[in-house]
Amino acid sequence: MRPGEELPPLEVPITRTLIVAGAIASRDYQDVHHDAELARAKGSPDIFMNILTTNGLVGRYITDHFGPTAILRKVAIRLGAPNHPGDTMVLTGTVERVEATPEGDTATVGVVGANGVGRHVTGTVTVTVPAGGAA
Amino acid sequence: MGGAERVAEGAGGADAGAEEIPYVELKAFEGRAAAVAGRGKDPVNGPMIRHWCEAMGDANPAYAGPDQVAPPTMLQAWTMGGLSGHEGFSGHEGREGCEGHEEHEGQEGQEGHEGHKGRSDAYDALFALLDGAGYTSVVATDCEQEYVRALRPGDLITFDAVIESVSERKTTRLGTGHFVTTRMDVRADGALAGTHRFRILKYAPAARREPVARRPRPVVNRDNAGFWEGVAAHRLLIQRCCGCGAPRFPWLPGCNACGSAEWDTVEASGEGTVHSYVVMHHPPFPAFDPPYAVGLVELAEGVRIVSNVVGVPCDEVRIGMPVRLEFQRVDEELELPVFRASADGGPHEAR
């Protein structure tokens, strides 16, 4: 891997099932993540993805690319436009820096997840790929 | 970067009447505990890892099998109170406002430490202060996690959190409020496993900024321009065929009776009767305020025109009711001909 390298995009269909399954798997029972009626009562057009699911998807995007030996060091995300059912989020990533560290090369990857409304998430992931690992 | 921290220029004062809190009062919370001696409800375990991976569509083999580790991004999940919450939880019922959702720049509902045993009095007091001043809505904006060591099945989770910072009052596109940043240390069997920094915006939703709806504009072309010029001069002009003398309305290039393209105009006297009508209740259209009566008015000159019947409650409009033309200004650039019911009522009105 080298600075400037672009990761292949990952298209994530934002289904109602993904939003609800992600919320429950992250033990987040806030009604706006599973109950459309209550979400609407609070002014949202529909349920929307919780931040823990976004975090999980960003982590998956990085380890899908760098392989099972890759070790996540840091995931920092900022949320923007909400992910509602029926939308599609496309995650893209760019390697910003690569450093040699004792465990292997450590890359800083800028990640953006864009949906139909705008940028759902912008973030930075630090990942170490041991020698012999992917990429 | 985007997000709620992007401060909208010139939008100050758009909040829904939230009071300004002296910043020193908020600043005093910095460094105080947000959660003390919290305990994960479940040890790190395989089933929860599998459920997470299924939801995320994550097939990483490192998260399965006898040597499995938990996905690092699950860090916060191990600290969540879940549906039952943590015992001893003195709940904060944060209202999750979603005003103007199309402008949302963050997501509600992620209070990182909500529901944990040991959630501190200081954190409750900070929320009470913000709620009391009108900053009642919550939006999660940032999550920053650093992973110190992998979590494995059997690890017992404990955590403490500190209020790292409270921002000065910021005006965002969502509304005006304060960013509250907490930092949580998550431990596994007593050893630091990761840190979790979480930022929320506690805000007063901005007043809805829906544009004032305006009536649709008439489509003016060379065939009907004369009509709208007449309206602007408070004259209701009817076309009259130069071939056969038939009056016609609405305006058309040729005569339906004889086919002649030659025409001139006559000005309506303004007298008419309700030939038919409907009362509009639903659906409501922007710039219209139901219920209202729409009449098909037969003018004294023998043509009919569709317009509003005014001056009488819409449920008292009747067929045959005499009406009289007037011009109603609906906004700064549009006037329309409407028909006012005569004071003496119509023939169908029982007296």
Side-chain angles (χ1 to χ4, degrees), chain A residues 10 12 17-33 38-46 48-60 63-64 67-84 117-124 126, chain B residues 1-6 41-42 48 50-63 71-83 95-102 104-112 114 137 139-148 150 197-199 205:
Chain A
L10 174 66
V12 182
T17 302
L18 171 60
I19 293 169
V20 174
I24 301 312
S26 56
R27 303 199 34 77
D28 182 349
Y29 291 87
Q30 294 274 351
D31 53 32
V32 289
H33 306 310
L38 291 178
R40 276 193 281 272
K42 289 174 174 167
S44 174
D46 205 333
F48 53 90
M49 184 177 284
N50 70 342
I51 193 169
L52 292 88
T53 301
T54 303
N55 208 42
L57 291 171
V58 168
R60 172 196 153 194
T63 51
D64 274 1
T69 62
I71 301 161
L72 293 177
R73 302 292 185 192
K74 186 174 176 181
V75 175
I77 60 170
R78 170 165 294 182
L79 295 186
N83 268 343
H84 290 297
V117 183
R119 286 184 170 191
H120 167 68
V121 59
T122 49
T124 304
T126 307
Chain B
M1 292 177 83
E5 207 153 10
R6 191 166 60 202
K41 296 192 82 168
D42 298 288
M48 282 174 63
R50 182 167 55 79
H51 297 164
W52 172 280
C53 290
E54 286 176 0
M56 302 301 158
D58 197 332
N60 190 338
Y63 305 148
T73 51
M74 276 189 85
L75 187 68
Q76 186 185 358
W78 303 114
T79 71
M80 297 289 278
L83 199 51
R95 191 172 67 103
E96 302 165 67
C98 292
E99 304 292 324
H101 201 279
E102 67 281 0
H104 258 207
E105 294 188 305
Q107 303 195 344
E108 278 85 347
Q110 301 306 316
E111 292 179 55
E114 181 155 11
S137 295
V139 56
T141 60
D142 298 79
C143 173
E144 299 171 19
Q145 298 182 333
E146 287 187 58
Y147 313 111
V148 176
R197 181 178 283 113
F198 210 73
R199 185 168 299 127

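Numbers restart at 1 for each chain; the letters A, B, ... are given by sequence-line order, proteins then strands.
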A.B. asks: Quick one: closest heavy-atom pair of A:Leu79 and B:Ala140, and the distance?
C.D. replies: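 A:Leu79 and B:Ala140 have their closest heavy atoms at CD1-O, 4.2 Å.
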A.B. asks: Check each atom of A:Asn55 against the heavy atoms of chain B and say whether the ones under 4.5 Å are side chain, backbone, both or neither.
C.D. replies: both
A.B. asks: List the atom of A:Gly56, the atom of B:Thr73, and the distance in Å for their closest heavy-atom pair.
C.D. replies: CA-OG1, 3.5 Å
A.B. asks: In terms of heavy-atom pairs under 4.5 Å, which option from B:Gln145, B:Met48, B:His51, B:Arg197 contacts chain A the most?
C.D. replies: B:Gln145
A.B. asks: Drop me the distance from B:Met74's CE to A:Arg27's CZ, to the nearest 0.5 angstrom.
C.D. replies: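 Those atoms lie 9.5 Å apart.
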A.B. asks: Applying side chain to side chain contact (heavy atoms under 4.5 Å, CB included) between B:Tyr147 and each of A:Thr126, A:Ile71, A:Val75, report the one that passes.
C.D. replies: A:Val75
A.B. asks: Could you tell me which residues satisfy side-chain contact (heavy atoms from CB on, under 4.5 Å) with B:Ala55, sequence neighbours excluded, listed by chain and number?
C.D. replies: A:Ala21, A:Ala25
A.B. asks: Examine distances only and state if a side-chain atom of A:Arg73 and a backbone atom of B:Glu146 form a donor-acceptor pair shorter than 3.5 Å.
C.D. replies: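 Checked: no pair found.
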A.B. asks: Write down the atom of B:Leu83, the atom of A:Tyr29, and the distance for their closest heavy-atom approach.
C.D. replies: N-CD1, 3.4 Å
A.B. asks: Flag the one option from A:Thr53, A:Val58, A:Ile24 with the top tally of heavy-atom pairs under 4.5 Å to chain B.
C.D. replies: A:Thr53
A.B. asks: Could you check which of B:Gly57, B:Ala150, B:Cys143 has the highest count of heavy-atom pairs closer than 4.5 Å to chain A?
C.D. replies: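 Of the candidates given, the most pairs with chain A belong to B:Cys143.
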A.B. asks: Keeping to residues at least two apart or across chains, list the salt bridge (charged side-chain N to carboxylate O under 4.0 Å, His left out) pairs with something in residues 52-62 of chain B.
C.D. replies: B:Arg50-B:Glu54
A.B. asks: Apply the test side chain to side chain contact (heavy atoms under 4.5 Å, CB included) to residues B:Glu144 and A:Arg78: give CA-CA distance (whole Å), side-chain angles for both, the deciding distance (0.1 Å), then the verdict.
C.D. replies: CA-CA 8 Å; B:Glu144 299 171 19; A:Arg78 170 165 294 182; over 6 Å; no
A.B. asks: Identify the heavy atoms of B:Ala77 and A:Leu52 that sit nearest to each other, and give their distance.
C.D. replies: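 Looking at all heavy atoms of both residues, the shortest contact is N-CD2, 3.9 Å.
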A.B. asks: State the CE-OG1 distance between B:Met56 and A:Thr63, to the nearest 0.5 angstrom.
C.D. replies: 12.0 Å
